[in-house]
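To start, the structure itself, in structure tokens.
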Amino acid sequence: MTAKITRFNPDQLHETPGYHHITVVEAGRTAYLAGQCPLDQRGSLVGPGALETQVDQVVANALAALAAVNAQPQHVVRSVIYVRSDDREDLGIAWSRLTASVLGPAFTSASTLLGVAQLGFAGQLVEVDLTVALPH
């Protein structure tokens, strides 16, 4: 049995580019994934200076983390995407690449996209934080 997840946009709020303003989860267990970074299994940064390459590594890492808790992208109920840039185009590139990926269904829930001045690793351009309603 899977927790019931309902996503919706109230008529009083603006249209979105794919995410929902509100995600409601009926009772169940929740997993909070640490921010997924563009690091390989050895902890080395992948794609220095290459946003799309780093997004792809973040996707791979997030899928591995989801699999570790027997969850899939559609079980994500909240996401926060951090992009090291003050250029709106970079934020759009990250959003488009994430939503077009296998992880894409994760971003149909409540989601926030932020441009930030710095992330934790030298050369890191993107990080994704996910909250998951675990299937039973």
Side-chain angles (χ1 to χ4, degrees):
M1 179 179 197
T2 300
K4 182 179 177 192
I5 302 170
T6 305
R7 298 168 178 90
F8 66 98
N9 292 318
D11 291 337
Q12 299 85 349
L13 297 176
H14 65 85
E15 289 187 32
T16 69
Y19 66 89
H20 289 83
H21 284 286
I22 299 170
T23 302
V24 177
V25 180
E26 301 301 324
R29 295 181 330 131
T30 306
Y32 301 88
L33 279 54
Q36 298 301 299
C37 301
L39 304 178
D40 64 19
Q41 196 171 15
R42 296 180 318 273
S44 298
L45 182 72
V46 172
L51 180 58
E52 291 179 338
T53 300
Q54 289 194 13
V55 167
D56 293 347
Q57 184 66 46
V58 165
V59 167
N61 292 349
L63 291 169
L66 288 170
V69 293
N70 296 314
Q72 298 179 7
Q74 66 267 23
H75 297 120
V76 172
V77 296
R78 174 87 173 114
S79 66
V80 182
I81 303 154
Y82 303 92
V83 181
R84 185 175 173 236
S85 180
D86 62 358
D87 185 340
R88 190 174 314 277
E89 185 177 329
D90 290 338
L91 276 68
I93 289 168
W95 176 260
S96 295
R97 188 108 177 158
L98 286 165
T99 58
S101 74
V102 176
L103 188 61
F107 305 105
T108 63
S109 288
S111 188
T112 300
L113 173 63
L114 302 167
V116 298
Q118 193 65 260
L119 289 166
F121 296 94
Q124 180 182 354
L125 300 175
V126 64
E127 186 165 331
V128 174
D129 179 7
L130 302 174
T131 303
V132 184
L134 294 175
H136 298 277

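What you see is a predicted model, and the numbers here were worked out from it, not measured in a lab.
- Residue pairs meeting the salt bridge (charged side-chain N to carboxylate O under 4.0 Å, His left out) criterion with at least one partner in residues 100-111, sequence neighbours excluded, do not occur; the list is empty.
- Listed by first and then second residue, the side-chain hydrogen bond (donor to acceptor under 3.5 Å, both in side chains) pairs involving residues 96-105 are D56-R97 (not counting sequence neighbours).
- The CD1 atom of I93 sits 13.5 Å away from the CZ atom of R88 when rounded to the nearest 0.5 Å.
- A search for side-chain contact (heavy atoms from CB on, under 4.5 Å) contacts involving A65 returns L33, Q36, not counting sequence neighbours.
- The shortest side-chain heavy-atom distance between I5 and V77 falls under the 4.5 Å cut-off.
- Listed by chain and residue number, nothing satisfies the side-chain contact (heavy atoms from CB on, under 4.5 Å) test with D86 (two or more places apart in sequence, or in another chain).
- Side-chain contact between T30 and V25 is absent, with no heavy-atom pair separated by less than 4.5 Å.
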Next item on the list: Start with the C-alpha distance between V59 and L98, add both sets of side-chain angles, then the distance that settles side-chain contact (heavy atoms from CB on, under 4.5 Å), and finish with yes or no.
Entry: CA-CA 7 Å; V59 167; L98 286 165; 3.7 Å; yes
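- Under the side-chain contact (heavy atoms from CB on, under 4.5 Å) criterion, F8 pairs with T6, P10, I22, V24, not counting sequence neighbours.
- The shortest side-chain heavy-atom distance between V102 and L63 falls under the 4.5 Å cut-off.
- Every salt bridge (charged side-chain N to carboxylate O under 4.0 Å, His left out) that R42 has, sequence neighbours left out, goes to D40.
- Across D90 and S85, no two heavy atoms sit closer than the pair OD2-OG, 2.6 Å.
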Notebook entry, point to check: Given V126 and R84, is the side-chain contact (heavy atoms from CB on, under 4.5 Å) satisfied, shown in steps?
Noted result: CA-CA 6 Å; V126 64; R84 185 175 173 236; over 6 Å; no
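- Looking at V46 and Q54, their side chains never come closer than 4.5 Å, going by heavy atoms from C-beta outward.
- R78 pairs by the salt bridge (charged side-chain N to carboxylate O under 4.0 Å, His left out) definition with nothing, not counting sequence neighbours.
- Between L125 and G49 the shortest heavy-atom distance is CD1-C, 3.7 Å.
- Listed by chain and number, the residues in a side-chain contact (heavy atoms from CB on, under 4.5 Å) with S111 are Y19, S79, I81, W95, F107 (sequence neighbours excluded).
- Here the side chains of L66 and L103 are in contact, with some heavy-atom distance below 4.5 Å.
- At distances below 3.5 Å, not a single donor-acceptor pair connects side-chain atoms of H20 with backbone N or O atoms of A110.
- Contacts classified as side-chain hydrogen bond (donor to acceptor under 3.5 Å, both in side chains) and involving residues 60-73 (residues at least two apart or in different chains) are given here: Q57-N61, Q72-Q74.
- Annotation for L134 and A31: closest pair CD2-CB, 3.8 Å, computed over non-hydrogen atoms.
- Applying the salt bridge (charged side-chain N to carboxylate O under 4.0 Å, His left out) rule to pairs touching residues 112-127 yields nothing, sequence neighbours excluded.
- In the hydrophobic clustering, where aliphatic and aromatic side chains (Ile, Leu, Val, Met, Phe, Trp, Tyr) are joined below 4.5 Å either directly or transitively, F121 groups with L39, L45.
- With 3.5 Å as the limit, one finds no donor-acceptor pair spanning the side chains of R7 and T23.
- Other residues sharing a hydrophobic cluster with L119 under the 4.5 Å side-chain heavy-atom criterion for ILVMFWY residues are V80, Y82, L114, V116.
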